[in-house]
Amino acid sequence: MSGACGGTIAEIRSLVSSGQASAVEICRAHLQRARDVEPRVKAFRALLEESALSQAETIDRDRREGRPLGPLAGVPIAVKDVLCTRGVPTTCGSLILRNFVPVYDATCVARLRQAGAVIVGKTNMDEFAMGSSTENSAYEKTCNPWALDRVPGGSSGGSAAAVAAGEVPASLGSDTGGSIRQPAAFCGIPGMKPTYGRVSRYGLVAFASSLDQVGPLGLTVEDVARVLQVIAGHDPLDSTSAPLPVPDYLAALGKGARGLRIGVPKEYFRSGLDPEVETAVRSGLKIAERLGARLEEISLPHTEYAIPTYYIIATAEASSNLARYDGVRYGHRAHDVHQMGPLYVRTRTEGFGSEVKRRVMLGTYVLSAGYYDAYYLKGQKVRTLIRQDFERAFEKLDAIVTPTSPTPAFRFGEKVDDPLAMYLSDIFTVTLNLAGLPGMSIPCGLTRDHLPVGMQIIGRRFDEEMVLRLGAALEGEIKFGARRPSLDGTS
Amino acid sequence: MAIAKQEVRHIAKLANLDFSEEEIGRFTQQFNSILEYVARLDALDTSAIEPTSHVDSGSHALRDDVLVPSISREEALANAPESERGHFKVPKVIG
């Protein structure tokens, strides 16, 4: 069943609904592909062969018996290991959750299942989604399918690599400061962070609750739209999920770019931007112009303050969220400790990796007595200024386009000992989390070393339609999709 | 505002984490370079700016107070490192 593997969601869905291929055949083909490439890519924490095949059998039975099929019937999908899956270990890339088996599904996972998707596995990630390279996973290093000696980006590195390596047509990731968009860019696929509140966070293990958002990665913009359609929408189990109707995202795809007003912020094209990245993004912008969009240079003056603001707010929220890992209700507990206080300390010291500890420490510091006003409150105020930059710009724009990341994928170990250098790789993505805006990275070219470059399309709040519309129009002209990694190269 | 090793030790205590002397030294160094970077925010006058704690998604968090099914006690305890007779079990708290 070679036709199914490497196919898009629409292709797979049509094979299944017409009966040309069974969901079981499609599932087997993707599992076989995963078994073939996983020794090199290591995108998955776990493949769920048995439960995936049984889900696929259910789809086939439904079809035989004439029951209606869901919009993702028989489509294999990978889920980042930060999302709770009932009865399936959910480690978050951390030793502290090594044996954690959720008793419920995250809402987005439940919605995938209801839509007929087949969950084939849980993907590798930076521990608690803290990182930009997936090197902070306590378990394994995921390799970039385009160059096996380079990182796939992070923190959703496994979800991006699994799609790029042809193991699944789409996956779910989470994005707190760029964790979907940056790995999508590094791996040459589209990936979207929806508006804060668009997708339920119920069952998403919390990192920074005011910034976290679940979103899809896929082979094409249409795949992203098809998954978003299923996971978006209000959820009474998440008090921050927006009670808004979900538009028809597929209908937005064919509308083209003619007449769209696109802002190009000058602060995103300054020093530190790799010249090859700039060239690829500028050529993508030229294509937008050719398609009839109007480009306008704009200024988002507080951009340079985004990284320090992000690292105050994200670490403060993380230090509070991660206080729950105390060895009492779930997760790792240190052995042979007979007093409560030392039990907490030993459990956390053994269970957390060094980047998580660094961020918990930084967050504890910025929230501590005497520093709250100087750091945390200050950060929240600058967050207001960053949000207002965008609000002002969007008064006369439909979308904003920037590079997704200042560089293409870097080599293993290149930034791991320099936290600040690693943090700076999120410089173009964190602003959207601070402002709550939707954004999608789409591939727009390759460097001389054959590394993908991503461009980021930013929309107004809850205007994922515009982001998808412009993304689909550009994708149709850039024709990046035909290029696939060979999985045998280094650079 | 530079931070000293002594302060890093105090933060570790607040965060319920334990570090070797070598780790404390490394953290102190990394903290200082991150805080130095964060200090660029001081250039902005924010005295008249309202803080944003989160971007409002227009949600209505309140609902009617009706009883709905929840996970069972058994499920709630399923991941507990230690439990006994329907409770989470911990070491003695009061000596």
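The model shown is predicted, which means the values in this text are computed figures rather than measured ones.
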- Note on the structure: Applying a strict 4.5 Å limit to non-hydrogen atoms, the region of Leu434(A) in contact with chain B is backbone
- Item | Atom group of Tyr37(B) that falls short of 4.5 Å from chain A, counting heavy atoms | both
- Message: Treating Arg383(A) as the side-chain partner and Ser53(B) as the backbone partner, does any N or O pair qualify as donor plus acceptor under 3.5 Å?
- Response: yes
- Side chain, backbone, both or neither: which part of Phe462(A) has a heavy atom under 4.5 Å from chain B? side chain
- Item | Minimum-distance pair of heavy atoms, taken over all atoms of Asn16(B) and Thr349(A) | O-OG1, 4.5 Å
- Item | Interchain contact, Ala435(A) with chain B, by part (heavy-atom threshold 4.5 Å) | backbone
- Query: Which is it for Arg461(A) and Val55(B) under the side chain to side chain contact (heavy atoms under 4.5 Å, CB included) test, yes or no, and what are the steps along the way?
  - Reply: CA-CA 10 Å; Arg461(A) 287 178 61 210; Val55(B) 180; 3.4 Å; yes
- Answer yes when Arg86(A) and Glu75(B) have at least one side-chain N-carboxylate O distance shorter than 4.0 Å, and no when they do not. yes
- Message: Donor-acceptor check, side chain of Arg348(A) to backbone of Ala15(B), threshold 3.5 angstrom: yes or no?
- Response: yes
- Message: For chain A, which candidate among Glu23(B), His10(B), Lys13(B), Glu7(B) shows the most heavy-atom pairs at distances under 4.5 Å?
- Response: Glu7(B)
- Would you indicate whether Arg40(B), at its atom CZ, is surrounded by more than 12 heavy atoms from other residues, nucleotides or ligands within a distance under 6.0 Å? yes
- Query: So which bits of residues 197-210 of chain A come within less than 4.5 Å of chain B, counting non-hydrogen atoms only?
  - Reply: Gly197(A), Ser210(A)
- Task: Taking all heavy atoms of Met340(A) and all of Val90(B), pick out the closest pair and write down the distance.
- Result: SD-CB, 3.5 Å
- To the nearest 0.5 angstrom, please state how far the CD1 atom of Ile34(B) sits from the CD1 atom of Ile307(A). 11.5 Å
- Message: Quick check for you: to the nearest 0.5 Å, what is the distance between His54(B) atom NE2 and Leu211(A) atom CG?
- Response: 11.5 Å
- Where on Ile71(B) is there a heavy atom nearer than 4.5 Å to chain A: the side chain, the backbone, both, or neither? side chain
- Message: Donor-acceptor check, side chain of Thr46(B) to backbone of Lys381(A), threshold 3.5 angstrom: yes or no?
- Response: no
- Item | Gln339(A) and Pro91(B), any side-chain heavy atoms less than 4.5 Å apart | no
- Message: How close do Val38(B) and Pro308(A) get, counting heavy atoms only, and between which atoms?
- Response: CA-CB, 3.7 Å
- Which atoms of Leu437(A) come close to chain B, meaning under 4.5 Å heavy atom to heavy atom: side chain ones, backbone ones, both, or neither? neither
- Salt bridge Glu82(B)-Arg333(A), side-chain N to carboxylate O under 4.0 Å: yes
- What distance do Leu385(A) atom CG and Glu50(B) atom CD have between them, rounded to the nearest 0.5 Å? 11.5 Å
- Task: Report yes or no: does Asn79(B) contribute a side-chain atom to a donor-acceptor pair with the main-chain N or O of Val101(A) at less than 3.5 Å?
- Result: yes
- Message: For a 4.5 angstrom cut-off between non-hydrogen side-chain atoms, does Leu14(B) reach Ser368(A)?
- Response: yes
- Contact origin within Asp235(A) toward chain B - heavy atom pairs under 4.5 Å: neither
- Query: Can you find a heavy atom in the side chain of Val8(B) that is under 4.5 Å from one in the side chain of Tyr365(A)?
  - Reply: no
- Message: Looking at chain B, which one of Pro419(A), Gly436(A), Pro236(A) has the largest number of heavy-atom pairs inside 4.5 Å, strictly under?
- Response: Pro419(A)
- Query: Among Val360(A), Leu362(A), Thr364(A), Val366(A), which residue meets the side chain to side chain contact (heavy atoms under 4.5 Å, CB included) test with Ile11(B)?
  - Reply: Thr364(A)
- At a heavy-atom separation under 4.5 Å, does Asp238(A) approach chain B through its side chain, its backbone, both, or neither? neither
- Query: Would you say His338(A) and Lys92(B) make side-chain contact, with heavy atoms under 4.5 Å?
  - Reply: no
- Look at the side chain of Thr384(A) and the backbone N and O of Thr52(B), then say whether any donor-acceptor pair between them is shorter than 3.5 Å. yes
- Note on the structure: In terms of heavy-atom pairs under 4.5 Å with chain A, the winner among Pro81(B), Ser83(B), Ala80(B), Ser33(B) is Pro81(B)
- Value rounded to 0.5 Å, distance of CG in Leu35(B) from OH in Tyr311(A): 14.0 Å
- Work out which heavy atom in Met361(A) is nearest to a heavy atom in Phe19(B); give both atom names and the distance. SD-CE1, 3.6 Å
- Message: Other residues, nucleotides and ligands only: do more than 12 of their heavy atoms fall within 6.0 Å of CD on Gln29(B)?
- Response: no
- Message: As an exercise: rank His302(A), Glu317(A), Arg387(A) by heavy-atom pairs under 4.5 Å with chain B and give me the winner.
- Response: Arg387(A)
- Item | Interface moiety of Ser47(B) toward chain A, non-hydrogen atoms closer than 4.5 Å | backbone
- Task: Give the intermediate values and the outcome of side chain to side chain contact (heavy atoms under 4.5 Å, CB included) for residues Val382(A) and Leu44(B).
- Result: CA-CA 8 Å; Val382(A) 182; Leu44(B) 289 172; 3.8 Å; yes
